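All values reported here derive from a predicted model rather than from experimental measurement. Side chains included, hydrogens not; waters and symmetry mates left out as well; all remaining heavy atoms used.
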Amino acid sequence: MIKKGIKVGSLTYAMKGRDLLQKNGYKAYLTRNPQPETDEGCGYVIYVSNVDKRCFSVLKSAGIKVLGVVDLGEVL
């Protein structure tokens with residue numbers, strides 16, 4: 001199984017997004033971005049065991065801007 005993380009702009013948004021996803025039934029955790037780029041903010045990503053379109057709509061409806069998705073490989 002390929003592990004994916006959702007990139008957000010700040011640690012605050014990462015924590016808020018994790019909590020929001022957990023309230024919506026997802027298993028979500030915070031972890032460091034293994035491949036950070038200079039313009040990506042805090043360097044944390046939200047790991048969700050089953051990333052789907054609903055994850056993104058939950059985050060978007062709460063005003064959390066998703067910067068992209070990163071492959072976490074063997075980090076978790």
Using a 4.5 Å cut-off on heavy atoms from C-beta on, say whether the side chain of [Y] contacts that of [X].
X: Tyr44; Y: Asn33; result: no
X: Ile6; Y: Val45; result: no
X: Met15; Y: Leu30; result: yes

**Prompt:** If you measure only the distance, is there a donor-acceptor pair under 3.5 Å linking the side chains of Tyr26 and Arg18?
**Reply:** no

At their closest point, which heavy atom of [X] faces which heavy atom of [Y], and how far apart are they?
X: Ile46; Y: Val8; value: CD1-CG1, 4.2 Å
X: Leu21; Y: Ala28; value: CB-CB, 4.0 Å
X: Leu59; Y: Gly17; value: CD2-CA, 3.6 Å

**Request:** Decide side-chain contact (heavy atoms from CB on, under 4.5 Å) for Phe56 and Val69; before the verdict, give the C-alpha distance in whole Å, the side-chain angles of both, and the deciding distance to 0.1 Å.
**Result:** CA-CA 10 Å; Phe56 299 113; Val69 178; 3.7 Å; yes

At what distance, to the nearest 0.5 angstrom, does [atom1] of [X] lie from [atom2] of [Y]?
X: Asp71; Y: Lys4; atom1: CG; atom2: NZ; answer: 4.5 Å
X: Leu20; Y: Ile64; atom1: CG; atom2: CD1; answer: 5.5 Å
X: Lys65; Y: Ser10; atom1: NZ; atom2: OG; answer: 12.0 Å

**Request:** Quick one: do Arg54 and Asn24 satisfy side-chain contact (heavy atoms from CB on, under 4.5 Å)? Show the steps, please.
**Result:** CA-CA 10 Å; Arg54 187 172 159 259; Asn24 280 274; 3.7 Å; yes

**Item:** Partner residues of Asp19 under the side-chain contact (heavy atoms from CB on, under 4.5 Å) criterion, sequence neighbours left out
**Value:** Gln22

